[in-house]
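For reference, the structure is listed below as structure tokens.
FYI, side chains are in, hydrogens and waters are out, and symmetry mates aren't considered; it's all heavy atoms of this structure.
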Amino acid sequence: MSDQEKIKQFLIDEICADQGLDIREIAEEDDLVDSGVLDSLSILKLLSFLDEEYQIDISADAINLDAFKTLESILRLIGESKGK
């Protein structure tokens with residue numbers, strides 16, 4: 001499973017399901033914040049998943065919402081963190 005598929009599946013199964021959102025597909029360019037998929041609490045849950053899955057450790061006070069705005073930006077964050 002690719003990174004993109006893993007994150008999409010996590011967002012759909014864990015985030016959307018917890019919020020009662022009936023979302024079955026997320027495109028790379030979908031705005032996850034404006035659409036209500038990600039809020040402050042779900043971003044923290046996503047951060048925990050990214051830390052567990054990719055060993056990406058981002059402190060809560062260093063969160064840049066633009067990095068979580070779209071699936072594409074989350075994938076870019078993972079790529080940048082892997083390159084460190």
TODO: In sequence, state the C-alpha distance, the side-chain angles, and the governing distance for D3 and I78, and then conclude on side chain to side chain contact (heavy atoms under 4.5 Å, CB included).
DONE: CA-CA 9 Å; D3 290 342; I78 292 169; 4.2 Å; yes
All heavy atoms of L71 vs all of A27, minimum pair found to be CB-O, 4.1 Å
Between T70 (side chain) and E29 (backbone), is there a donor-acceptor pair under 3.5 Å? no
Has E5 got a side-chain atom pairing as donor or acceptor with S2's backbone, closer than 3.5 angstrom?
yes
Item checked: Beyond-backbone contact of Q4 with I74, side-chain heavy atoms, under 4.5 angstrom -> no
Correct closest heavy-atom pair for L21 and G36 would be CD1-O, 3.8 Å
Do the non-hydrogen side-chain atoms of D30 and V37 ever get within less than 4.5 Å of each other? no
One should read off an interatomic distance between L75 CG and K8 NZ, to the nearest 0.5 angstrom, of 9.5 Å
Note: F68 and L38 closest approach over all heavy atoms is O-CD1, 3.3 Å
Check whether D39 reaches the backbone of L41 with its side chain - one donor and one acceptor, N or O, closer than 3.5 Å. yes
Value for CD (E72) from CG (L32), rounded to nearest 0.5 Å, stands at 11.0 Å
query: Can you find a heavy atom in the side chain of L65 that is under 4.5 Å from one in the side chain of I43?
result: yes
> Parallel, tilted or perpendicular for F49 and F10, by the 30°/60° rule?
Replying inline: parallel
Distance col, row L77:CG vs L47:CG, nearest 0.5 angstrom, shows 8.0 Å
Close side-chain approach of D51 and I56, heavy atoms under 4.5 Å: no
Between the CD atom in E14 and the NZ atom in K45, the distance rounded to the nearest 0.5 Å is 5.0 Å
To the nearest 0.5 Å, atom CD1 of I26 lies from atom CD of Q9 at 9.0 Å
Check: Would a distance-only check, ignoring hydrogens and angles, find a side-chain to backbone donor-acceptor pair under 3.5 Å from K69 to D31?
Finding: no
Heavy-atom nearest pair, S73 first then A67, reads OG-O, 3.2 Å
